[in-house]
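All figures in this text were calculated on a predicted structure; none of them were measured in a lab. Letters A, B, ... mirror the listed sequences (proteins, then strands); counts begin at 1.
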Amino acid sequence: MPRHTLALKSGESLRLLLIHADYFEYHVREPAVKKPEQLTDDRKSLELTNTLVVFVTVERDDEGKLESIVRSATHAICDVYEKVSPSSVVIYPYAHLSQELASPDKALEVLRKLEEQIAGRGLRVFRAPFGWYKAFSIKCKGHPLAELSRTIKGEESAYEEVVEREESEFIIVEPNGEEHPLELSEVEENSVLAKYPLLKQFIRSEELGIKPHKMPEHIRLMRRLELVDYEPASDVGHFRYYPKGELIKNILEDFATQMAIRDLGAMKIETPFLYRLSEPDIAEQAARFRERDYRLRVGNKEFVLRFAGDFGLFRMMKTTTMTYRQLPIRIYELAKAFRLEQSGELVGLRRLRAFTMPDIHSFCRDLKQGMEEYEALFKYYTRLVNAIGIEYVLAFRVVKDFYVEHKEWIKRMIREVGVPALIELLPKRKHYWVMKHEYQFVDSVGGNAQLCTVQLDVEDSERYGIFYVDEDGKKKGCIIVHSSMGSIERWIYALLEEAAKKLKRGEVPKLPTWLSPIQVRVVPVSKEYLNYAIKVAEELERRGYRVDVDDREETVSAKIRDAETEWIPFIVVVGREELKTKKLSVRIRGEGVRKMDMEELIERLKDEVKDMPKLPRYTPKLVSLKPRFS
RNA sequence: GCCCCGGUAGCUCAGACUGGUCGGAGCGCCGCACUGGUAAUGCGGAGGUCCCGGGUUCAAAUCCCGGCCGGGGCUCCA
């Protein structure tokens, strides 16, 4: 008999394991539950050949959606039946596929209905009795379709997903506001897109699914540069950060926080990672993300790890008293989030199971204020993307009626950024938002990922129990604008991929100076000049820059080479000559060697770092003291 | 999650098809000499359960099965 793997995820659905068997038999032994199903003699044992044995587990959450579950399960079973042509079907209650069993009477009800439905389709069907220990033997046929498992969900089962999908329309809006229709089938011939290669590549990747077939470069780079690495001892998609990667991550986090607070006056909060599934609103939120959330049981409580910041935020806002005078209220959280993405979907830092997402939620009085807020956030994220310095693409998704009504407003925003935009017009609203936009990134191999997004949520907040007090003293639901700059990890991906694109074009790859783990490396020509090198470094450090000193016993060439392979933007060589003239010999990445004095170098650094966050070195001052992490 | 490909020293990889002196190279690391001027100074040394678990065989890094991790594809991306 072939071996079966019965390990299935804990979840919230009906589980089926279908075995096409040459031979199957069972014999009832003794009761397994307090009130087992009443039995007639003819059901105490059974022996069949060429049969389809369906092991069925009814899960707790199946209760309440019995009808659709039974319908879908019947469909699934008949589907397999037609493919393998057995001469009968056996429904076999099998509790062991689950940790979250439904109550026995509900389970029995489902099994009976299932039997009835299948019989109703004219098939010969048997049902093994429920609530009894049974001995069984099975001889699996072992062909490719002989062993299958199915997960059946209520309502939106894969088996009834025949719902006709109305197609979106696409248009391109040029920076000057000119509008052009776009047929996705004619992307290659489109003359407007020919002017905007990045946007064209984005549409190929995002809308047409034309994929790069290549490994994105950042995966190699994140390890070469000792920034980030896999951690096989954790779950897949959970990474570890070496000091230099941690520093970059922390600077980006500080940047997100600083921008939100300084530019928008948002209020920063923090909420828990874990939420109880027994809370109805949490359960409802979790249900939106079926099978994509981490669940864990502690004692007799079941928890879900948040997959977005909303969980704790909405809870907090429920008990917050806000008045119309205070709106819009902007709340910022730097939230660690967890999503159980399918393992095959994870790609380096592009898609993770654990990531850090800064988000801002704005609570607004009405649609008018919501739209003003949307525009403010649009401008905010545009400044933010421009400040980090990567190429990006702009895409809007708008419900068509809303677009028609607010066309000029949207075009005004596009003109403001000065880049062309792809607009997807949805025939009708199917999400909580009427409109959103995304700043998307296109990587070195032609793949893409969403960075910033702003969403105008028009289902007002009453559904979450969030209210403000209006002028008339009455409680009202508000309009929520959801927004995020995208995960910090994904920004690291974008920065590394941006550098990889430079490399591909034959340019020198680099990180912006404000994000470089080491901004200046001082290289003494020999031991004699080490003290002077340290003095130079200390002066730069006092001025707020990350500097280290290569004190190793290596040749100058070797030390320069190492600094270059680390992508250090400024390399200062000091020796006899520098000591004498008090000038510095500065090798600027991608430019060449220049003689500068200390103040000139500091001016240059100041100019590149501007008012971006500053953090100290996370690695030793002396290069010889730093271990190699990867 | 499914399909295809891969996993050999800290890192990058050769060896595998045709099982048997194949456990190898470069980088890194350690030691000695060199006292350095803008992308690799020379010489020497240490390092490996050949991813893990089973199987086939007189014999397995090598062949077979299962698992784990990674890459690509499919699907997915509230």
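- At the heavy-atom level, A/P627 lies nowhere under 4.0 Å from the strands shown.
- A distance of about 15 Å separates the P atoms of B/C29 and B/C11, rounded to the whole Å.
- Scanning atom types as modelled, no donor and acceptor separated by under 3.5 angstrom connect the side chain of A/T555 and the base of B/U35.
- Ionic pairing of A/R589 and A/E608 is not present here: no N-O contact between side-chain nitrogen and carboxylate oxygen is shorter than 4.0 angstrom.
- Side-chain proximity of A/V347 to B/C11, B/G37, B/G72: nearest is B/G72.
- Closest to the side chain of A/Y432, out of B/A78, B/U35, B/G37, is B/A78.
- Put simply, A/S557 has no side-chain N or O that comes within less than 4.0 Å of OP1 or OP2 on B/U38.
- For B/U41, the paired base is B/A33 (Watson-Crick or G-U wobble, both distances below 3.5 Å).
- With rounding to whole Å, A/H213 atom NE2 is found 19 Å from B/G6 atom P.
- At the phosphate of B/G7, neither OP1 nor OP2 sits under 4.0 Å from any side-chain N or O atom of A/Y230.
- Rounded to a whole angstrom, the distance from the C1' atom of B/A16 to that of B/C76 is 37 Å.
- Comparing B/A78, B/G72, B/G37 by their nearest atom to the side chain of A/R339 picks out B/A78.
- Of the candidates B/A39, B/G28, B/U38, the closest approach to any side-chain atom of A/R628 belongs to B/G28.
- A donor-acceptor contact under 3.5 Å links the side chain of A/R351 to the base of B/C76.
- You'll find a donor-acceptor pair under 3.5 Å spanning the side chain of A/E578 and the base of B/G37, going by distance alone.
- For the pair A/R587 and B/A39, the criterion of a side-chain N or O lying under 4.0 Å from OP1 or OP2 is met.
- When distances run from any side-chain atom of A/I560 to the nucleotides B/U38, B/A78, B/U75, the shortest one goes to B/U38.
- In this structure, A/I210 atom CD1 and B/C74 atom P are separated by 11 Å, rounded to whole Å.
- Distances were taken from every side-chain heavy atom of A/A558 (C-beta onward) to each of B/A40, B/G70, B/G37; the shortest belongs to B/A40.
- Under 4.0 Å is where a charged nitrogen must lie from a carboxylate oxygen, and between A/K626 and A/D548 no such pair does.
- Between A/R223 and the phosphate of B/U12, there is a side-chain N or O to OP1/OP2 separation shorter than 4.0 Å.
- Distance, A/R353 CZ to B/C76 P: 17 Å, rounded to whole Å.
- Across all strands shown, B/U12 pairs with B/A25; the Watson-Crick or G-U wobble distances both stay below 3.5 Å.
- The residues A/E554 and A/R561 are annotated as not salt-bridged, no charged nitrogen and carboxylate oxygen being separated by less than 4.0 angstrom.
- Salt-bridge check for A/K504 with A/E217: failed, with every basic side-chain N at 4.0 Å or more from each acidic carboxylate O.
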Q: For salt bridge (charged side-chain N to carboxylate O under 4.0 Å, His left out), just list the numbers for A/R350 and A/D443, CA-CA rounded to whole Å, side-chain angles, deciding distance to a tenth of an Å, and then say yes or no.
A: CA-CA 10 Å; A/R350 185 156 70 191; A/D443 66 29; 2.5 Å; yes
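- Counting any heavy atom pair closer than 4.0 Å across all strands shown, A/Q450 reaches no nucleic acid atom.
- Taking the six-membered ring where the residue is Trp, the centroids of A/H482 and A/Y432 are separated by under 6.0 Å.
- In the set B/U35, B/G1, B/G37, the nucleotide with an atom closest to the side chain of A/V573 is B/G37.
- Atoms NZ (A/K626) and P (B/G28) sit 14 Å apart, rounded to a whole Å.
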